[in-house]
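All values reported here derive from a predicted model rather than from experimental measurement. Letters go in sequence order (proteins before strands), and every chain restarts at 1. All values below were derived from every heavy atom in this structure, side-chain atoms included, with hydrogens, water molecules and symmetry-related copies excluded.
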Number of protein chains: 2
Amino acid sequence: MGLKLELLLFVILFVSSCELRICSGDGKLRFGKNGEFKILQVADMHFADGKKTPCQDVLPEQMKACSDLNTTAFIRRMIRAEKPDFIVFTGDNIYGSDATNPAASMNAAFAPAISSKIPWAAVLGNHDQESTLLNREGVMKYITGMNHTVSKLNPTRFHTIDGYGNYNLEVHGSEGSRFVNKSVLNLYFLDSGDYSTVPDIPGYGWIKPSQQYWFQQTSAKLQKAYKAKPVPQKNPAPGLAYFHIPLPEYANFDSSNFTGVRQEGISSASINSGFFTTLVEAGDVKAVFTGHDHLNDFCGELTGIHLCYAGGFGYHAYGLAGWSRRTRVVVASLEKTPKGGWGAVKSIKTWKRLDDRHLTTIDSQVIWKKGSSGKISFPFCSRRKCNWGCLKVWVR
Amino acid sequence: MGLKLELLLFVILFVSSCELRICSGDGKLRFGKNGEFKILQVADMHFADGKKTPCQDVLPEQMKACSDLNTTAFIRRMIRAEKPDFIVFTGDNIYGSDATNPAASMNAAFAPAISSKIPWAAVLGNHDQESTLLNREGVMKYITGMNHTVSKLNPTRFHTIDGYGNYNLEVHGSEGSRFVNKSVLNLYFLDSGDYSTVPDIPGYGWIKPSQQYWFQQTSAKLQKAYKAKPVPQKNPAPGLAYFHIPLPEYANFDSSNFTGVRQEGISSASINSGFFTTLVEAGDVKAVFTGHDHLNDFCGELTGIHLCYAGGFGYHAYGLAGWSRRTRVVVASLEKTPKGGWGAVKSIKTWKRLDDRHLTTIDSQVIWKKGSSGKISFPFCSRRKCNWGCLKVWVR
């Protein structure tokens, strides 16, 4: 009887875990039986030495008891509240220059994800390698060896690529659906670098041609597979891109065309390396998610692609006292087929949650719907030149 | 006696041709015995059907006798006047939609270069393929089969690349010098496309990630070879890049920081694909030469790279009546070694010549000198963010 009860409990737990997040039977990321795939983005934890590491920019009354452990507690609360299917850490996961032992800092920083057994991925920021013990390759290699992570060092079939932590993940359709063996949501992760190494270009790093070429080829391959049998699709599966440093195009927004706030400048690279153009041309990525600027948390659409910040998450990172640390949630939802099963992705929504008493939800917005397409412009060409109409301010 | 005289004349002619341009004994582009390598750039010939094709935008008194043959005459005069070592045609070589037979138009357009026996190269513009008979691949393939051209279709050791006419050429040191087997000047040619095929991005084409990746790898290989034995060099050999459509960064100039004129907008692609960043990072290209905007002929420096127009050359192309058609000349000069031989490249100069009675020379300027380096900026970093000082307007 006791054994039977245990078996029953196991079955119940297994099924409920399948429904909530991922049927990990085949080791693939997959939409749950509720037709959703939910991603929690954690940006800029800046984790150092745990309890010994004080907070920055919190209210005077919060300061005394505040440390890296507040960052840990926030992740744990978020996992309980949102029950995500996937967690992505978008860089500056540890604050290398304050970390006595970067490996220990990573163990502590990612512990809530690991203990939750939820699959998780990470990319590098500009601070992760700032200890004297692990360089960027070392940090990323360490991450790929941690439990429950699906992070990868770099593509294996691409001979040279800049940076560490360029990879993609496929999220397959729901078990029992016609999309069970197809990737219906594609996740791209890139290393946006740390600092420029070119004397003439001051500032932060950028996504290089080798990485863009890899992205372009990967996107093309995924699109071809999605349009092929079985269940051939007309348009590509939606994609989401995660990296640390915002693109220069983030500077094209103001409060009139985004949801959220911009409380500091856009700390992109000081030059444009063209990745936004590459994304638009590829056509499948519907949203980009970065961190880096802790006081910006907006999300706005440019040429069919949403450019979104998560807002600062970590307590040992600059912030604004009284302005809650925050995190971004994205949920992709499948459409119902006429027969009542699950189909392809129907829509993608996002919102943020604040680290306050109620984990308040703010700024919910739809960032993509199946069937929505870009605006087509037809040029008027004379024998002299083509007049392309009123080009937007992001022309250059 | 007659035979001896002929032989003597042949030797004199051969030696003088070596001095003036290229010792073609080994089929390589090479600096002459005068220590110079001179390049004539012909932009936007817009050649169609020769004598039957009328001119555009010339003075009323010029109109009657004016045709494509004026374009031909201008090239012939320039070849006689400048005796270039190399001629490069930077696209819109023919005006496809008016060309009854694009092959015949190309035969006529390039005839002056072919009959001069000077090595020549071409890239494509946005009009070359506008006939119904030859697409872009067809046009570029046709060019590569013409006499005395060193144009290439695409790199053979690179599996996929966008466009047609992406290649590089090495210009070797002077015969008898220590640089006889080294490329001391590198020429890059790229296909900047015609029109965007992305509905959300109106306007002209751009240089894609695959092309940038090829450029980056080629530049790295050439730099490695230049720094290796024999005669290992500390800095890369200077490079020059030729293509049709200007980069968005051309819009960062005004009359305060360029030589020449800007009489119309910069018709770059409507988005930035990052090739300028890639050029700056590679570090060897010292100048970019484009056409496309016939009424702009300026040349200005941005972050150590000169961005130059040639100005409109062809008569069956829009222009400005009374404002002479023009062309750009570039000359690279070798340094003298202590022993009196020729060394590496010492400086690169440019000027333009007008199609007036005297082929007037204007706007001479030095665009590179050996030993000149970029401005190094040191960031001031606090715990919050790095302050990179006053970034230039080309930040985004």
Side-chain angles (χ1 to χ4, degrees), chain A residues 56 126 160 195-204 206-217 248-249 251-252 264-278 280-281 283 293 303-305 318 373-379 383-386 388-389 391-392 394-396, chain B residues 56 126 160 195-204 206-217 248-249 251-252 264-278 280-281 283 293 303-305 318 373-379 383-386 388-389 391-392 394-396:
Chain A
Q56 286 184 42
N126 51 300
T160 53
Y195 304 100
S196 167
T197 55
V198 182
D200 276 349
I201 308 177
Y204 292 106
W206 58 86
I207 295 170
K208 306 290 174 71
S210 64
Q211 298 168 279
Q212 297 187 38
Y213 186 52
W214 161 76
F215 162 77
Q216 206 174 41
Q217 293 200 315
E249 284 77 6
N252 286 285
E264 62 176 320
I266 309 303
S267 295
S268 62
S270 63
I271 36 73
N272 193 326
S273 79
F275 190 50
F276 184 73
T277 300
T278 301
V280 175
E281 189 176 16
D293 295 331
T303 324
I305 298 179
Y318 80 84
S373 67
K375 299 154 287 297
I376 298 174
S377 307
F378 296 98
R383 288 181 66 85
R384 293 175 72 92
K385 277 287 173 75
C386 288
W388 307 99
L391 291 178
K392 296 181 184 172
W394 50 272
V395 164
R396 276 141 199 160
Chain B
Q56 286 185 40
N126 50 300
T160 53
Y195 304 100
S196 167
T197 55
V198 183
D200 277 348
I201 308 177
Y204 292 106
W206 59 87
I207 295 171
K208 306 290 173 73
S210 64
Q211 299 168 280
Q212 298 188 37
Y213 186 53
W214 162 77
F215 162 78
Q216 205 175 41
Q217 293 200 315
E249 284 77 6
N252 286 284
E264 63 176 319
I266 310 302
S267 296
S268 62
S270 63
I271 36 72
N272 193 326
S273 80
F275 190 49
F276 184 74
T277 301
T278 301
V280 175
E281 188 176 17
D293 294 332
T303 326
I305 298 178
Y318 79 86
S373 67
K375 300 154 288 297
I376 297 174
S377 307
F378 296 99
R383 287 182 66 84
R384 293 175 73 90
K385 276 289 173 77
C386 289
W388 309 98
L391 292 179
K392 297 180 187 173
W394 50 272
V395 163
R396 274 143 201 162

Which atoms of A/W206 approach chain B - backbone, side chain, both or neither, heavy atom under 4.5 Å
side chain

Between A/T278 and chain B, which part of the residue has a heavy atom less than 4.5 Å away: side chain, backbone, both or neither?
side chain

Heavy-atom closest contact (B/T277 atom, A/N272 atom, distance)
OG1-O, 2.8 Å

Locate the shortest heavy-atom distance separating A/P209 from B/Q216; write the atom from each residue and the value.
CD-NE2, 3.8 Å

Any side-chain heavy atom of A/Q212 sitting closer than 4.5 Å to one from B/Q212?
no

Output, in order, the C-alpha distance, side-chain angles, deciding distance and verdict of side-chain contact (heavy atoms from CB on, under 4.5 Å) for B/Q217 and A/T160.
CA-CA 10 Å; B/Q217 293 200 315; A/T160 53; 3.4 Å; yes

Non-hydrogen atoms of chain B under 4.5 Å away: do they reach the side chain of A/Q211, the backbone, both or neither?
neither

